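Notes follow once the structure below has been shown.
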There are 2 protein chains.
Amino acid sequence: MGDYISMLKQNGLKTTFQRLYIMQVIDDYGHLDIDEIYSKVLLVHPSISLATIYKNILTLVEKKVIKEVPIEGKKSKYEILKQDHFHLICIECGSVEDCDYEELSGVVSSSSRHHHFLQKKVELSVYGYCKKCIDKINEKS
Amino acid sequence: MGDYISMLKQNGLKTTFQRLYIMQVIDDYGHLDIDEIYSKVLLVHPSISLATIYKNILTLVEKKVIKEVPIEGKKSKYEILKQDHFHLICIECGSVEDCDYEELSGVVSSSSRHHHFLQKKVELSVYGYCKKCIDKINEKS
DNA sequence: TGGAAATCAATAAAAATTATCCAAAAGGAA
DNA sequence: TTCCTTTTGGATAATTTTTATTGATTTCCA
Ligand SMILES: [Mn+2]
Ligand SMILES: [Mn+2]
Ligand SMILES: [Zn+2]
Ligand SMILES: [Zn+2]
């Protein structure tokens with residue numbers, strides 16, 4: 001759990017309950033899409049508008065407080081900005097697991113340089129089956 | 001240029017002019033989004049409907065004849081399915097360049113295994129500035 | 001404790017995607 | 001070929017997703 005208030009102040013954003021709670025649920029659950037955020041915030045703030053969620057997500061992404069995690073064929077998820085990492089995305093249950101770059105980042109950036117490409121951001125996602133789902137599938141057979 | 005007709009037959013899809021030309025323009029340009037495909041097909045087939053483009057893209061992706069390339073904050077592009085590779089995406093001009101995995105793929109899959117994750121597909125995109133745009137920016141200063 | 005600036009909620013509007021329905025075309029069998 | 005079944009396309013409507021607008025409310029600093 002981070003210090004959301006300073007994160008907002010540093011970016012010249014006012015700290016409203018709505019905004020704080022959006023950050024809170026994203027942080028709590030790790031990776032959430034717009035609808036998941038909306039339904040969770042609704043529970044504690046029944047009057048919030050979906051447009052408010054969209055607006056806040058947009059500004060928080062712009063200010064790099066949160067980060068978009070695009071997911072093929074589905075809606076993007078969002079996470080609190082943290083150290084660079086990549087994602088293991090389960091195509092069975094939809095779970096998203098963080099994974100450290102370690103030696104990977106060096107290989108990627110050297111490849112970018114080789115192509116005379118000025119690398120600004122890397123987005124790596126591995127799609128497949130998480131341990132839980134593998135076990136579940138194995139049980140059945 | 002591939003043999004689109006056999007690619008369709010192998011997947012039990014009928015070869016219509018519309019479908020063939022969709023594959024053609026994707027192949028010609030490398031990476032195109034829905035609207036780009038639509039406008040290019042329109043030129044040679046003025047009666048085609050946008051819904052037809054959507055419908056065909058959907059089936060072609062399902063049958064793995066083409067592949068979706070998600071792009072952050074923009075519409076996905078599509079490419080003819082080919083050997084695994086990753087993308088250098090220019091945030092200035094929108095160009096997409098293919099890039100071979102080489103040693104990278106080994107590192108990624110060993111990382112997946114380490115997390116007991118059954119890897120099915122890898123999606124790696126590097127966002128930044130292509131050589132053309134770097135040069136253009138340097139000229140100005 | 002004002003008051004400017006930012007934000008919220010409600011709502012409308014726009015954009016993107018999917019569904020429906022019937023005519024037309026494709027492709028296999030005779 | 002011709003016939004017949006199935007798939008597909010085009011028009012259009014419907015749905016879903018996202019963005020814009022606007023006036024009321026809230027934040028926060030002087
Ligand atoms: Mn993450
Ligand atoms: Mn490519
Ligand atoms: Zn899973
Ligand atoms: Zn460029």
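Residue numbers start from 1 in every chain, and the chains themselves are labelled A, B, ... in the order their sequence lines are given, proteins ahead of strands. Values reported hereafter were calculated over all heavy atoms of this structure, with side chains retained and with hydrogens, waters and symmetry mates removed. Everything numeric here is computed off the predicted structure, so don't read it as measured data.
- At least one side-chain nitrogen or oxygen of B:H45 sits closer than 4.0 Å to the OP1 or OP2 atom of D:dG10.
- Partners of A:D100 by salt bridge (Lys or Arg N to Asp or Glu O under 4.0 Å), not counting sequence neighbours: none found.
- Regarding contacts with the backbone of C:dA9, a side-chain N or O of A:Q18 is found under 4.0 angstrom from either OP1 or OP2.
- No more than 12 heavy-atom neighbours from other residues, nucleotides or ligands sit within 6.0 angstrom of NZ on B:K120.
- In this structure, CD1 of B:I53 is placed 17 Å from P of D:dT12, rounded to the nearest angstrom.
- The residue among A:T52 and B:L50 whose nearest nucleotide of DNA chain C lies closer to the 5′ end is A:T52.
- For the OP1/OP2 pair of C:dT17 and a distance below 4.0 Å, the side-chain nitrogens and oxygens of B:Y54 include at least one atom meeting the criterion.
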Derivation and outcome, salt bridge (charged side-chain N to carboxylate O under 4.0 Å, His left out), residues B:K77 and B:E68: CA-CA 6 Å; B:K77 300 209 172 201; B:E68 181 185 355; over 6 Å; no
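- With rounding to whole Å, B:I34 atom CD1 is found 16 Å from D:dT17 atom P.
- At whole-Å resolution of the value, CD in A:E36 and P in D:dT17 are 13 Å apart.
- The side chain to side chain donor-acceptor pair (under 3.5 Å) search around B:K74 returns none, not counting sequence neighbours.
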Heavy-atom protein contacts under 4.0 Å, nucleotides 20-30 of chain D, coded B base, S sugar-phosphate only, - none: B------BS--
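- Taking atom NZ of B:K77 as the reference point, atom P of C:dA16 lies 14 Å away to the nearest angstrom.
- Atom pair A:I48:CD1 and C:dT7:C1' shows a separation of 11 Å (rounding to whole Å applied).
- For the pair A:N56 and C:dT7, the criterion of a side-chain N or O lying under 4.0 Å from OP1 or OP2 is not met.
- Spacing between atom CG of A:L60 and atom P of C:dA6 amounts to 16 Å, rounded to whole angstrom units.
- An OP1 or OP2 oxygen of D:dG9 is reached within less than 4.0 angstrom by no side-chain nitrogen or oxygen of B:S49.
- For A:H45 and A:F17, the ring centers are positioned less than 6.0 Å apart.
- Separating the CD1 atom of B:I57 from the C1' atom of D:dG9 is a distance of 15 Å, rounded to the nearest angstrom.
- With the nearest nucleotide of DNA chain C identified for both A:R19 and B:K75, A:R19 has the one nearer the 5' end.
- Taking atom NZ of A:K63 as the reference point, atom C1' of C:dT7 lies 13 Å away to the nearest angstrom.
- By the 30° and 60° cut-offs, the orientation of the rings of A:F86 relative to A:Y101 is tilted.
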Steps toward salt bridge (charged side-chain N to carboxylate O under 4.0 Å, His left out) verdict (A:K132, A:E97): CA-CA 12 Å; A:K132 244 185 214 171; A:E97 188 181 349; over 6 Å; no
